[in-house]
2 protein chains.
Amino acid sequence: MTEATADDTAKPARKRQARGEKRMGELLDAAAEVFATHGYAKASTNAIAAAAGASPGTLYQFFRGKQEIAEALMARYVERLEAAHGAAFAVDGADLPLRDLLDRVLDPIIAFDRANPGFHILLADPGITPELAQAKRPAQELIFQHLDRIFAARAPHLPAAERRLAAGVAIHMFRGLLPLIMAASDDDLPAVAREAKQALHAYLAVALEQHRST
Amino acid sequence: MTEATADDTAKPARKRQARGEKRMGELLDAAAEVFATHGYAKASTNAIAAAAGASPGTLYQFFRGKQEIAEALMARYVERLEAAHGAAFAVDGADLPLRDLLDRVLDPIIAFDRANPGFHILLADPGITPELAQAKRPAQELIFQHLDRIFAARAPHLPAAERRLAAGVAIHMFRGLLPLIMAASDDDLPAVAREAKQALHAYLAVALEQHRST
DNA sequence: TAAAAATACGAGCGGTCGCTCGTAATATCA
DNA sequence: TGATATTACGAGCGACCGCTCGTATTTTTA
């Protein structure tokens, strides 16, 4: 083993040209659009290829199938979210007022979600099919870990089990509120965002202060 | 017009026999199962018919198409929810402590959702396709009206706009938390349900007390 | 009991799906 | 400049989709 232990999928180390990378980007752009407008199940690979100005054959030279497209798209979303708004996930600021912490974490995420509707739609799609659930898991796990770490820094007195419960509840609350946030007009957004933060603040103020000494 | 103003769909007043009603029930049972395991988009009408022990032709003698199956199923869910747990939506108890009100409203709904997984799955399905969204709207609207009425009785001082916002936020919060509630084992359910109520209580305690005089 | 209506069947139609493959054009390598 | 690998195409395959229709059976009506 020269570089890494061989993986089962046995990628033959295909050399990607510059225009190949570009094509993949175009195909993912098209996939984001088609997934967003038709949902995962009804999105057709031929439609994705056509939306990217490519043929089906070209699409399948870069992706093994529909699931892999969704996985690559999710990976790109996560990558861009972290690149653009990584500060939202920083663990510092453990002494910030809770409202300020929520602003710092949620504002970038709200902005990203509204700028990338496909991200929310793909995440919100109930992964009845195992394939889609598999494609979403890494993103979900990563967001959960980020939040858990922030809570751990902020509320070190909280048992890990309850901390994870709070993180799960907070994430699901936010996911539940996202449709309201996505549907809001630019004018309504501030009020809706404020109310969402209000809800999260109200819950976390209680949940994170449990088991505190003194 | 003898009984009602004629509707555009012009139903020829087909006379339904007892076994016809029974068949429709069996078909809806099968539809609930297939929708729950495959999602709306990937659920095939042939599979629904087969699961009900019927032929495709029989299915289409009772339903005009896939969308109408979903609509009828949602209608039956709502009907059963109200029949079995109508007390949850009663407007009285405006002076109950908030936690007791939440218990009275949420416990029956949680029990119903867990007993009827298809209900949640169909409601949670992001209605990217207009047809499914159409099928879900009546149920969503009805639940919203119920909650709005409860809030109006409980917090008459609250402006209608803010009351509706609070109802929308509460509904979306609960919908977001439902996956946790559905996935919980019987052992974990009490803790998860308590935490969900905690979150709703924390938010509503603030939201419903806004604008209160003195 | 005969006519009419409701229920039941299932082969199969037209269409779309995910995906393949033979072939050609283009870029990199030797 | 050849040789080789990568990118590109698009007709079309087999499977499945929602749904139809001719026909047979059972129940209600008259």
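Within every chain, numbering begins at 1; the chains are lettered A, B, ... in the order of the sequence lines, protein sequences first and strands thereafter. What's counted below: heavy atoms across the whole structure, side chains too, no hydrogens, waters or symmetry copies.
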Checklist entry - Charged N to carboxylate O below 4.0 Å: is that the case for B/R164 and B/D148? => result no
Checklist entry - Hey, is B/D29 close enough to B/R76 for a salt bridge, meaning N to O under 4.0 Å? => result yes
Checklist entry - Quick one: is B/K15 getting a side-chain N or O under 4.0 Å of the C/dT7 phosphate, OP1 or OP2? => result no
Checklist entry - Are a donor atom and an acceptor atom from the side chains of B/R137 and B/Q140 found within less than 3.5 Å of each other? => result no
Next on the checklist: For A/A43 and A/A18, find the nucleotide of DNA chain C closest to each by heavy atoms; which residue's nucleotide sits nearer the 5' end?
Outcome noted: A/A43
Next on the checklist: Assess whether a salt bridge exists between A/D107 and A/K197, defined as any Lys/Arg side-chain N lying under 4.0 Å from an Asp/Glu carboxylate O.
Outcome noted: yes
Item to check | Under 4.0 angstrom between B/T58 side-chain N/O and C/dA8 OP1 or OP2 | outcome: no
Checklist entry - Looking only at side-chain N and O atoms, does A/Y60 come under 4.0 Å of OP1 or OP2 in C/dT20? => result no
Next on the checklist: Less than 4.0 angstrom between a side-chain N/O of A/S44 and OP1 or OP2 of C/dT16, yes or no?
Outcome noted: no
Next on the checklist: Measuring from the side chain of A/S55 (C-beta onward, heavy atoms only), which nucleotide among D/dG18, D/dT7, D/dC9 has the closest atom?
Outcome noted: D/dC9
Checklist entry - Under 4.0 angstrom, heavy atoms only, what part of the nucleic acid is A/Q17 near: base, sugar-phosphate, or nothing? => result sugar-phosphate
Next on the checklist: If you only use heavy atoms from C-beta on, which nucleotide in C/dA8, D/dG10, D/dG18 is closest to the side chain of B/F62?
Outcome noted: C/dA8
Item to check | Residue whose closest nucleotide on DNA chain D lies nearer the 5' end, B/Y40 versus A/R16 | outcome: A/R16
Checklist entry - Looking at the side chain of A/R19, which of C/dC19, C/dA6, D/dA8 is the nearest nucleotide? => result D/dA8
Checklist outcome for this item: From the candidates D/dA8, D/dT20, C/dA8, the one with an atom nearest any side-chain atom of B/R23 is C/dA8
Next on the checklist: Applying a 4.0 Å non-hydrogen cut-off, can you work out what A/G57 is touching in the nucleic acid: base, sugar-phosphate, or nothing?
Outcome noted: base
Checklist outcome for this item: Among the nucleotides C/dC9, C/dA27, C/dG18, whichever has the atom closest to the side chain of A/N46 is C/dG18
